[in-house]
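These notes are about the structure you will find just below.
Keep in mind that what you see is a predicted model, and the values were worked out from it rather than measured.
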Amino acid sequence: MGGNRGTRWWAIAGAAALTAGLVASQAGASTATAATHSTSTGTRAAFSVQTAIGPSSVTGPVAIATASDGRIFVAEIGGVIKVFHGVTDTHPKVFADLSNEVYSAQGHGLLGMTLDPNFPAKPYVYVLYSRDSATRGGPIVAKKDTCATHATTGCVRYARLARLTAKGDTMVAGSTKVLVDDWCNQFVHHIGALHFGKDGMLYASGGDGATEQVNGVNGADFGQFGNACGDPPGAAGTNLTAPTAQGGSLRAQDILAGYDTDPVTLDGTLIRVNPTTGAAAAGNPYSSATDPNQKRIVGWGFRNPFRFAIRPGTNDVYVSDPGLDTYEEIDRIPSPTAKAPDFGWPCWEGTIQQPEFKAANLNMCNSLYAAHSDTKPAFEYLDAGHVVSSSDNCPAVSGTAATGLTFYTGTAYPAAYHGALFFADYGRACLFAAPAGASGAPNFAARKVVSALPAAGVVDIEPGPNGDLLLVNINNSTIYELHYA
């Protein structure tokens, strides 16, 4: 289904240099939802989406974090971080400019950012970005932000998790502390989000680093395009073949039993680390492992875990993971110190055996099928050309991808939405909410559309300074605010 569907998110996100016509037509738009509620006066109240920060102030916004003092930190995909003193601030300060180091071609870039839980008392800003480096922690390449062979053999780039120190609205010069250098990427699906858990540990996500296209259509990348990351059983530069290949998307299964003898990469994983050192956090499931990367992993088998959210007051993690052919999914890790779940990619997509990888007859996938050890999604929905549910009135479109999600912790919205998981799909101009169930976990069966959106392209949702949610749209360089009145 959807032979060219694989390009929909990363190709569009990579084109963060947006056309003036698109920006002009989208900026300042607002819309109201059909989700209305009666008030005591008999009037009808509803959600509305209004522009908070427009394209005159940001270019290619992709991640956002709100400080306890009301400041809003906005990460642009190209590597610049700006600070706004509230949503009415039209003259933001540049907190940091990492663009000389950030690799922002083909949808890569500065994609993850969060603040220390005690910010600004602890003045730390954490960032996760693709580096213009072809080696782990190595030098910056000469031709930055370019990849002449991206469509054929790709370009190797690694990613970095780092801590920056703030002084006022700017980064202290020379304060960058490198925590993790890893995430070998040959094509797309590099890194994702950063968040702190209730436990005070730092969580980060990363994709499989593989291509989505084989001979122009969706297909299985198992390392047959030069094996640039040097996965078994061949050396870097050697095309891998089925059934023994362990490269490409199969890096997401790097610690599958029987195939875990090579050094572990962080591709296709969620990690939990000490925010001071970058080492594995105490209590992680693989604490007894000898490989430092394996010790960091608390969930694996992801395709592109671009965004995740941690349920407030818990360490219960919900991860959005876009599919290739059939399903978008939201996965759940209920405890990062229990057994690390394997969500099955690329052998599984949602609750089905992934067709292209199944047809390739790969030993790794056959082992996983036989073991029945994968973890199914907490929620899945059909992608391009389908609706999320039959009654949501949100159009079936192409270019779908599960992206932004967050739990609502404010009080400005009706009680029915307190603790709800709000989530968006990159291609659908709708905002969904799954209310909290009796246990506090989201009840996906009771999900509903709470608002239409002015435009598709939402890639992050985070709490804002006024008790409202902020929605980051990379397509039109606009940050929206979700109001209820």
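- With no hydrogens or angles considered, a side-chain donor-acceptor pair links Asp316 and Tyr318 at under 3.5 Å.
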- Task: Evaluate salt bridge (charged side-chain N to carboxylate O under 4.0 Å, His left out) for Asp116 paired with Lys122, printing each intermediate quantity in order.
- Result: CA-CA 6 Å; Asp116 189 281; Lys122 286 189 174 181; 5.2 Å; no
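- Pairs of residues two or more places apart, or lying in two chains, that qualify as ring-ring contact (aromatic ring centres under 6.0 Å, His included) and include a residue from residues 48-79 are Phe73-Phe95, Phe73-Phe119.
- With Leu161 as the partner, the side chain to side chain contact (heavy atoms under 4.5 Å, CB included) test is satisfied by one option alone out of Leu202, Asp181, Ile191, Asp182: Leu202.
- With Ser133 contributing its side chain and Tyr158 its backbone, the two residues share no donor-acceptor pair below 3.5 Å.
- Side-chain atoms of Thr66 and Glu462 form no donor-acceptor pair, as typed in the model, at a separation below 3.5 Å.
- Looking at Asp221, its side chain never comes within 3.5 Å of a backbone N or O of Ala210 through a donor-acceptor pair.
- Counting heavy-atom neighbours within 6.0 Å of Lys177 NZ, excluding the residue itself, gives a total above 12.
- Remark: Arg71 engages Asp169 in a salt bridge, criterion side-chain N to carboxylate O under 4.0 Å.
- Not a single donor-acceptor pair under 3.5 Å links the side chain of Gln354 to the backbone N or O of Trp345.
- Residue Tyr484 forms a ring-ring contact (aromatic ring centres under 6.0 Å, His included) with just one option from Phe47, Tyr408, Tyr417, and that option is Phe47.
- Judged by distance alone, the side chain of Tyr413 and the main-chain N or O of Leu469 form a donor-acceptor pair under 3.5 Å.
- Screening residues 428-485 for disulfide bond (SG atoms under 2.5 Å apart) gives Cys394-Cys430 as the qualifying pairs, with residues at least two apart or on separate chains.
- Applying the ring-ring contact (aromatic ring centres under 6.0 Å, His included) test to pairs two or more places apart or on separate chains, those with a residue in residues 248-304 are Phe302-Phe343.
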- Yes or no on salt bridge (charged side-chain N to carboxylate O under 4.0 Å, His left out) for Asp208 and Arg251, after CA distance, side-chain angles and deciding distance? CA-CA 6 Å; Asp208 63 7; Arg251 282 192 295 275; over 6 Å; no
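- Phe422 has its ring centre no less than 6.0 Å from the ring centre of Phe407.
- In this structure, a donor-acceptor pair under 3.5 Å is present between the side chains of Glu101 and Tyr129.
- Taking the six-membered ring for Trp, Tyr103 and His108 have ring centres closer than 6.0 Å.
- Contact annotation: the side chain of Leu471 approaches that of Leu453 to within less than 4.5 Å [non-hydrogen atoms, C-beta and beyond].
- Two rings, from Phe308 and His195, have their centers less than 6.0 Å apart.
- For Lys376, the NZ atom sits in a packed shell: over 12 heavy atoms of surrounding residues, nucleotides or ligands are nearer than 6.0 Å.
- With hydrogens and angles left out, the side-chain atoms of Ser130 and His190 include a donor and acceptor closer than 3.5 Å.
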